[in-house]
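For reference, the structure is listed below as structure tokens.
The sequence lines fix the lettering, A, B, ..., with proteins before strands; numbering per chain opens at 1. This structure is a prediction, so every number in the text was calculated from the model and none was measured.
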There are 2 protein chains.
Amino acid sequence: MLARVSSPTFKRLPRAVREQQMLDAAVKVFSRRGFHAASMDEIADDAGISKPMVYAYLGTKEELFVACLHREGTRLMEAIAGAAAPDLPADERLWRGLRAFFGFVGAYRDGWAVLYRQARGERPFAAEVATMRGRLIEVVAGMLDHALRAKGREVRAIDLEVVAYALVGASESLADWLADHPEADPEKTATRMMNVAWLGADRLLRGVTWHPPTD
Amino acid sequence: MLARVSSPTFKRLPRAVREQQMLDAAVKVFSRRGFHAASMDEIADDAGISKPMVYAYLGTKEELFVACLHREGTRLMEAIAGAAAPDLPADERLWRGLRAFFGFVGAYRDGWAVLYRQARGERPFAAEVATMRGRLIEVVAGMLDHALRAKGREVRAIDLEVVAYALVGASESLADWLADHPEADPEKTATRMMNVAWLGADRLLRGVTWHPPTD
DNA sequence: GCGTAACCTTACGCACGGGTAGGTATGCTC
DNA sequence: GAGCATACCTACCCGTGCGTAAGGTTACGC
């Protein structure tokens with residue numbers, strides 16, 4: 001009626017397609033602005049659609065964010081799980097997993113920054129992320145345990161958990177570094193992480209430990 | 001007039017004191033609710049003061065949050081710097097620094113969770129945190145460099161930086177773990193971290209490296 | 001005792017943005 | 001080509017909460 005003289009490239013699209021467009025737009029905008037600063041209007045606009053459609057398809061703002069989180073999180077977990085086949089030796093699995101992880105972060109820098117760095121702080125989503133993270137940590141801990149048993153050693157579960165926490169934390173930190181250095185090479189970053197992680201873990205596996213000085 | 005029959009424990013206090021009370025309240029509320037969900041009214045209420053006073057003393061909501069960030073961040077950095085005197089050997093410095101760090105996190109779980117986990121994601125504050133974090137990473141990298149030179153080895157600056165990133169990330173991850181496990185012992189957590197960090201770093205210092213398999 | 005300055009209050013303006021009501025166009029089925 | 005479902009729009013409501021204007025109240029100097 002006002003503008004919209006005619007609809008030149010205005011196609012009616014099936015729901016599934018629109019939903020993906022919306023999610024793409026949402027990830028982009030959430031990533032650029034952050035959850036709160038992002039407005040549903042901007043997301044709708046960026047998807048080339050109007051706001052009520054977003055509500056009709058993906059629900060409220062929170063639900064939309066969770067949907068983004070889920071899509072990207074699943075992609076990440078699948079990328080890692082697909083790379084680190086369980087029948088490989090532990091160091092090989094670790095290496096492939098790390099390479100997949102950094103490859104993913106390098107490729108979807110937006111997805112990572114928004115859906116992870118963001119979500120960890122934001123109250124209603126922290127739990128969601130914590131769950132995924134927990135699964136990852138379990139996998140890493142399982143890898144370590146496997147490697148240990150293969151060498152005939154045994155370590156208390158809590159120690160395994162802590163080492164896994166540290167490895168995952170270190171990887172996240174390097175992922176942030178990667179996201180902030182667009183020119184950096186994911187493969188090389190993975191190699192560096194592998195150096196830090198495996199050499200440290202390997203020593204642990206041999207039973208070498210450090211003790212606090214008595215001061 | 002309405003209620004407030006009389007002001008029983010209603011003291012006029014000097015500015016400096018009130019400011020600290022406000023900051024205490026702000027940290028508490030920001031920590032409980034998160035930055036956006038926290039309302040200036042609740043903070044004022046919790047500080048036993050009315051809202052305009054907060055604006056008069058600490059400025060807008062963002063400025064208030066930054067003020068919290070600054071106070072807690074400075075406390076943390078001082079705790080670490082005070083513990084890790086620069087004239088000690090590198091492993092001793094690392095150990096003392098870690099112990100101070102985890103001790104701080106254990107003691108001020110609120111301050112840590114809010115002012116750090118929160119701030120890293122929230123758009124306008126990420127830079128602030130990144131700066132502090134950057135200083136910490138530099139310190140750690142400096143420690144590693146020092147230790148290396150003492151052994152007559154030399155490593156490229158970027159490798160140092162990456163290792164420092166990894167160590168800091170691992171420590172943050174364990175700090176989160178500590179914040180989520182109220183019964184855990186900070187000292188013990190520091191020891192575990194030291195095991196992961198130093199043993200890995202130590203091997204790096206000896207020039208042992210890991211190379212990706214040619215697949 | 002009285003002014004004045006700092007402390008502190010109640011009460012409100014106002015913008016912003018999430019969410020919705022109600023109506024229009026388009027394609028599919030028979 | 002009638003009828004129906006579904007994609008899609010414009011325009012609006014309204015809660016929430018930041019930030020402020022204007023006015024009490026307490027302490028302290030003289």
Worksheet entry | Nearest-angstrom distance from the residue atom CZ of A:Arg15 to C1' of D:dA7 | 11 Å
Discussion item. One character per nucleotide, please: for nucleotides 12-19 of chain D, 5' to 3', B when the base has a protein heavy atom closer than 4.0 Å, S when only the sugar-phosphate does, - otherwise.
Written reply: ------BB
Worksheet item: When we call it a touch if two heavy atoms are under 4.0 Å apart, what does A:Pro52 touch: a base, just sugar-phosphate, or nothing?
Response: base
Fill in: Heavy atoms of other groups near B:His146 NE2, more than 12 under 6.0 Å
no
Worksheet entry | Aromatic ring pairing B:Phe65/B:Phe30, orientation class (parallel under 30°, perpendicular over 60°, tilted between) | perpendicular
Practice prompt. Could you tell me the separation between the CD1 atom of B:Ile49 and the CD atom of B:Gln21, rounded to the nearest 0.5 Å?
Written response: 6.5 Å
Worksheet item: If we ignore angles and hydrogens, is there a donor and acceptor under 3.5 Å between the side chains of A:Glu72 and A:Tyr116?
Response: no
Practice prompt. In whole angstrom, give the distance that lies between atom CG of A:Leu58 and atom C1' of C:dG19.
Written response: 15 Å
Discussion item. Does either side chain, that of A:Glu122 or that of B:His36, offer a donor lying less than 3.5 Å from an acceptor on the other one?
Written reply: no
Discussion item. If I take atom CD1 from residue A:Ile137 and atom OG from residue B:Ser173, how far apart are they, to the nearest 0.5 angstrom?
Written reply: 5.5 Å
Practice prompt. Report the distance from atom CG of A:Asp45 to atom P of D:dC8, rounded to the nearest whole Å.
Written response: 15 Å
Practice prompt. Mind calculating the distance between OH (A:Tyr57) and C1' (C:dG19) to the nearest angstrom?
Written response: 18 Å
Item to complete: Ignoring backbone atoms, test whether A:Arg18 places a side-chain nitrogen or oxygen under 4.0 Å from the OP1 or OP2 oxygen of D:dT6.
Response: no
